[in-house]
Amino acid sequence: METKVLAQACEALHGKDLKKSDVAYEFDLFPFLSLILRYWEADEDFPATMQIWTDKNILDYMHYETLMFAVTHIIERIKDEYELIYQNFNFTELR
């Protein structure tokens, strides 16, 4: 259920579904520079994992402190959307 809500939150923020991992979305920081969020649910062998990927040359385009602000901002926006969607989620659809 959490992956469905996370996917909906990413889509609400115009993320592009990458169809990888349990949830994977690409967000444009700028038209030429994106950020990728990948999430795997926990199972009996591994804990839940979230990764944030950027272009290897991202620091050529922005300062590392600006990058941290951008990543934090996107994560906060996803969190806000997640909470809003979770409050209104139809749990009967899961049955």
Side-chain angles (χ1 to χ4, degrees):
M1 187 250 325
E2 287 84 5
T3 57
K4 287 186 180 192
V5 176
L6 179 58
Q8 288 179 6
C10 291
E11 288 170 11
L13 296 174
H14 308 286
K16 177 184 166 192
D17 189 358
L18 299 178
K19 309 269 190 234
K20 297 183 183 220
S21 7
D22 291 326
V23 178
Y25 281 83
E26 182 175 9
F27 298 93
D28 290 332
L29 295 176
F30 299 104
F32 59 91
L33 195 60
S34 62
L35 177 108
I36 295 173
L37 177 135
R38 293 181 73 175
Y39 173 78
W40 291 269
E41 279 190 298
D43 62 19
E44 60 276 352
D45 296 323
F46 298 101
T49 302
M50 182 177 284
Q51 296 177 345
I52 298 171
W53 293 10
T54 63
D55 185 277
K56 67 180 178 179
N57 298 317
I58 197 165
L59 296 179
D60 293 342
Y61 299 98
M62 63 175 49
H63 192 269
Y64 69 91
E65 290 172 341
T66 308
L67 174 60
M68 279 309 302
F69 174 80
V71 169
T72 301
H73 179 72
I74 288 176
I75 296 298
E76 283 295 319
R77 291 289 316 277
I78 292 170
K79 178 181 160 268
D80 292 344
E81 287 294 327
Y82 182 97
E83 290 171 350
L84 183 65
I85 292 166
Y86 187 84
Q87 290 171 359
N88 300 309
F89 193 77
N90 184 356
F91 291 96
T92 58
E93 290 179 0
L94 296 175
R95 295 180 188 162

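Just the heavy atoms: all of them, side chains too, but no hydrogens, waters or symmetry mates, feed the values below. Given the structure is predicted, the values throughout are model-derived calculations rather than measurements.
Here CH2 of W40 is found 10.0 Å from NZ of K20. Values are rounded to the nearest 0.5 Å. Taken to the nearest 0.5 Å, the CD atom of E76 stands 5.0 Å off from the NZ atom of K79. With values rounded to the nearest 0.5 angstrom, K16 atom NZ is found 9.0 Å from I36 atom CD1. Here the NZ atom belonging to K4 is positioned 8.5 Å from the CD atom belonging to Q8, to the nearest 0.5 angstrom. A distance of 9.5 Å separates CE in M62 from OG1 in T54, rounded to the nearest 0.5 Å. The distance from the CG atom of L67 to the CD1 atom of I58 is 4.5 Å, given to the nearest 0.5 Å.
Residues D22 and L6 form no side-chain contact, since every pair of their non-hydrogen atoms from C-beta on lies 4.5 Å or further apart.
The number of heavy atoms from other shown groups lying within 6.0 Å of CZ (F32) is above 12. Atom NE2 of H14 sits in a sparse spot, with 12 or fewer heavy atoms from other residues, nucleotides or ligands closer than 6.0 Å.
Looking at Y82 and E2, their side chains never bring a donor and an acceptor atom within 3.5 Å of each other.
Under the 30°/60° scheme for interplanar angles, the aromatic rings of H73 and F69 are found to lie parallel.
Under the 4.5 Å side-chain heavy-atom criterion for ILVMFWY residues, a single connected hydrophobic cluster contains both M50 and I74. W53 and V71 fall into different hydrophobic clusters, defined by Ile, Leu, Val, Met, Phe, Trp and Tyr side-chain heavy atoms under 4.5 Å apart, directly or through other members. L35 and L59 fall within a single hydrophobic cluster, where Ile, Leu, Val, Met, Phe, Trp and Tyr side chains are chained together by heavy-atom contacts under 4.5 Å. Follow the hydrophobic side-chain contacts under 4.5 Å out from I75 and you never reach L84; the two are in separate clusters. Hydrophobic clustering of Ile, Leu, Val, Met, Phe, Trp and Tyr side chains at less than 4.5 Å, counting indirect connections, unites F30 with Y25.
Taking both residues in full, the closest heavy atoms of V5 and Y86 are given as CG1-N, 3.9 Å, listed atom of the first, atom of the second, then distance. Residues A48 and A42 approach most closely at N-CB, 3.4 Å, considering heavy atoms. Residue I78 comes nearest to A9 through the heavy atom pair O-CB, 3.9 Å, listed as atom of the first residue, atom of the second, then distance. Here the shortest heavy-atom pairing between L37 and C10 reads CD2-SG, 4.4 Å.
Legend: residues meeting salt bridge (charged side-chain N to carboxylate O under 4.0 Å, His left out) with D28, ordered by chain and number and at least two apart, are absent.
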